[in-house]
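Note: hydrogens, waters and symmetry copies are ignored here, and every other heavy atom, side chains too, is used. Quantities reported herein were computed from a predicted structural model and do not represent experimental measurements.
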Amino acid sequence: MSIHSTIPVLLLAAAALLMAGCSSGDHPNVGRVHGKVTLNGEPMEGVVVSFEPAEGGRGSWALTDAEGQYELNYNANTRGTRTGDNLVRLSKQKPVIRDDNGRVTDPGVKEKFPAEYNTESTQVVTVQGGDNEFNFDVVSD
């Protein structure tokens, strides 16, 4: 193959790479988000961490591990959440479960976080493109 016959192949390959790199698909701008959740200084396992974009649209969530660490998932293939301001909610609540006869089969878990971290959240963070770390050190009675 001569240099002249390889140039069109190289140009096509370069164009394909540029098109693939510029395509954003159906995704908005997303930044990776991770961090740690503690309650009264102790890492909390099994906390649902959710980020809700202020501008609306799909939110993101994660479940903390034994060390209280989390990393948000935007969808099955993308980690993170939408860039911009996000309302954050933390919840450790688990509802009571009853059988068909109304008997309690699982007493559930009462919410451990104050309302300003979940049902009446006042926690807003600004997510940037790239890597973001947000730690939540909650103090409660």
- Message: The test is side chain to side chain contact (heavy atoms under 4.5 Å, CB included); show your working for Lys112 and Leu39 and say whether it passes.
- Response: CA-CA 8 Å; Lys112 295 184 186 242; Leu39 182 62; 3.9 Å; yes

- Message: Ignoring hydrogens, what is the shortest heavy-atom contact between Val49 and Val37? Give both atom names and the distance.
- Response: CG2-CG2, 3.9 Å

- Message: Under the side chain to side chain donor-acceptor pair (under 3.5 Å) test against Asn75, which residue among Thr78, Asn73, Asn77 passes?
- Response: Thr78

- Query: Centre of Tyr74's six-membered ring, under 6.0 Å away, within 45 degrees of the axis: is that where NZ or CZ of Arg58 sits?
  - Reply: yes

- Item | Asp100 atom CG, over 12 foreign heavy atoms within 6.0 Å | no

- Salt bridge between Lys94 and Asp106, side-chain N to carboxylate O under 4.0 Å? yes

- Heavy atoms of Ser60 and Gly80 approach each other most closely as OG-O, 2.8 Å

- Query: Linking I/L/V/M/F/W/Y whenever any side-chain heavy atoms sit under 4.5 Å apart, do Phe51 and Val48 land together?
  - Reply: no

- Check against side chain to side chain contact (heavy atoms under 4.5 Å, CB included), Trp61 and Thr81: CA-CA 8 Å; Trp61 70 277; Thr81 195; over 6 Å; no

- Query: Distance-only, no hydrogens or angles: does the Gln123 side chain make a donor-acceptor pair with backbone N or O of Glu116 under 3.5 Å?
  - Reply: yes

- Message: For Asn135, is there any backbone N or O sitting under 3.5 Å from a side-chain donor or acceptor partner on Asp137?
- Response: no

- Message: side chain to side chain contact (heavy atoms under 4.5 Å, CB included) for Val47 and Phe136? Distances and angles first, verdict last.
- Response: CA-CA 11 Å; Val47 175; Phe136 299 96; over 6 Å; no

- Item | Val33 and its side chain to side chain contact (heavy atoms under 4.5 Å, CB included) partner, picked from Val125, Leu72, Val88 | Leu72

- Between the side chains of Asp131 and His34, is a donor N or O closer than 3.5 angstrom to an acceptor N or O? yes

- Message: Applying salt bridge (charged side-chain N to carboxylate O under 4.0 Å, His left out) as the test, list every pair that has at least one member in residues 30-44; sequence neighbours left out.
- Response: Arg32-Glu71

- Task: Start with the C-alpha distance between Glu52 and Arg89, add both sets of side-chain angles, then the distance that settles side chain to side chain contact (heavy atoms under 4.5 Å, CB included), and finish with yes or no.
- Result: CA-CA 8 Å; Glu52 302 167 12; Arg89 296 182 194 274; 2.7 Å; yes

- Query: At their closest point, which heavy atom of Arg98 faces which heavy atom of Val104, and how far apart are they?
  - Reply: NH1-CG2, 3.3 Å

- Message: If the threshold is 4.0 Å, N to carboxylate O, is there a salt bridge linking Glu111 and Lys92?
- Response: no

- Verify the distance criterion only: is there a donor paired with an acceptor across the side chains of Asp99 and Thr105 at less than 3.5 Å? no

- Task: State whether the side chain of Thr83 and the backbone N or O of Val127 hold a donor-acceptor pair below 3.5 Å, judged by distance alone.
- Result: no

- Compare every heavy atom of Gly59 with every heavy atom of Pro53, then report the nearest pair and how far apart it is. CD-CA, 3.7 Å

- Verify whether one side chain among Ser91 and Asn118 offers a donor that lies under 3.5 Å from an acceptor in the other. no

- Message: Side chains of Val138 and Leu90, heavy atoms from C-beta outward: is any pair under 4.5 Å?
- Response: yes

- Query: Is there a donor-acceptor pair closer than 3.5 Å between any side-chain N or O of Asn86 and the backbone N or O of Gly84?
  - Reply: yes

- Message: Please report the interatomic distance CD1(Ile97) to CZ(Arg103), rounded to the nearest 0.5 Å.
- Response: 15.0 Å

